[in-house]
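Basis for what follows: all heavy atoms, side chains included, without hydrogens, waters or symmetry-related copies. Numbering starts at 1 and runs along the sequence shown. Whatever order the structure lists them in is the order used to number ligands and atoms, beginning at 1. In this text the structure is predicted, and so the values were computed from the model without any measurement.
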Amino acid sequence: MTRDDVEARLARVLQRIEAAAGRAGRRPDDVEILPVTKGHPARAIEIVEELGLARIGENRVPEAEAKRSALGATPGVAWHLIGRLQRNKARRALRLFDVVESVDSVMLARTLSRIVEEERLGPAEVLVQVNPSGEAVKAGFAGESAVDAVREICALPGLRVRGLMAMAPFTDDEAVLRPVFRGAASLLARCRDEIPEFGGDVLSMGMSNDFEIAVEEGSTRLRLGTVLLGER
Ligand SMILES: *Cc1c(COP(=O)(O)O)cnc(C)c1O
């Protein structure tokens with residue numbers, strides 16, 4: 001992976017986002033890219049930073065720690081945790097990451113809240129992970145339980161709930177993907193309607209194989225690995 005490679009890939013991705021946004025009557029600027037650097041060397045994070053992308057996503061605490069210590073400070077990028085977080089790694093995660101996108105239980109949210117308070121950190125930015133397809137292998141709150149969970153998590157001190165995160169099943173079948181993304185968008189709308197303390201407007205959904213459909217269905221943040229950085 002070289003910087004030129006990634007720059008060329010980024011240009012194509014931006015064109016595809018623009019086209020998808022156009023089809024849905026959305027502004028391309030309302031969709032941000034979260035480059036997913038997991039499985040790539042630390043250099044990928046520097047490249048992303050050099051290209052002016054404002055954030056990176058990693059899915060495991062130990063891998064992110066190793067990259068953090070290899071790189072030192074990366075003032076140009078916010079670090080997002082996008083993988084499942086075990087509660088016994090919550091403290092390490094809060095030291096490393098600016099955003100935890102994968103809050104998939106109220107217990108985890110309580111643990112994060114408690115650590116933020118104990119360590120007197122500023123509020124932690126989080127997304128609540130939803131699982132609109134109800135697929136058993138996927139983390140996240142399914143359907144109705146999502147709204148109740150968001151309400152509970154919003155009431156915890158030390159957390160700033162910025163929105164929702166969703167993962168679609170691994171398939172290229174649009175007939176499966178589209179309703180999942182639509183379901184996540186409608187959960188976000190319900191949270192905004194029904195929970196006065198919830199001001200979130202981030203909808204993190206869409207990966208390399210399905211991001212155009214996600215844009216058409218209202219995604220505001222695409223988590224892109226392979227399409228941007230190449231095979232892991
Ligand atoms: C790996 C990963 C991605 C990116 O996957 P690609 O298919 O390479 O774009 C996005 N979200 C999560 C949660 C991931 O673990």
Sequence neighbours excluded - salt bridge (Lys or Arg N to Asp or Glu O under 4.0 Å) pairs with any residue from residues 73-90: Arg84-Asp104
Closest non-hydrogen atom pair between Ser208 and Gly225, with its separation: OG-N, 3.7 Å
Side chains of Glu58 and Thr37, donor plus acceptor under 3.5 Å: yes
Set of residues satisfying side-chain contact (heavy atoms from CB on, under 4.5 Å) with respect to Ala78, sequence neighbours excluded: Arg55, His80, Asp98
side-chain hydrogen bond (donor to acceptor under 3.5 Å, both in side chains) pairs, two or more places apart, involving residues 184-196: Glu144-Arg190, Arg190-Glu194
Using a 3.5 Å cut-off on N/O to N/O, what pairs does ligand 1 make with the protein? A line per pair would be great.
from     : atom 1 : to     : atom 2 : distance (Å)
ligand 1 : 8 (O)  : Thr226 : N      : 2.8
ligand 1 : 8 (O)  : Thr226 : OG1    : 2.6
ligand 1 : 8 (O)  : Arg232 : NH1    : 2.9
ligand 1 : 8 (O)  : Arg232 : NH2    : 3.3
ligand 1 : 9 (O)  : Ser208 : N      : 3.0
ligand 1 : 9 (O)  : Ser208 : OG     : 2.5
ligand 1 : 9 (O)  : Gly225 : N      : 2.8
ligand 1 : 11 (N) : Arg223 : NE     : 2.9
ligand 1 : 15 (O) : Lys38  : NZ     : 2.7

Test item: side-chain donor near acceptor, Glu101 and Ser204, under 3.5 Å: yes
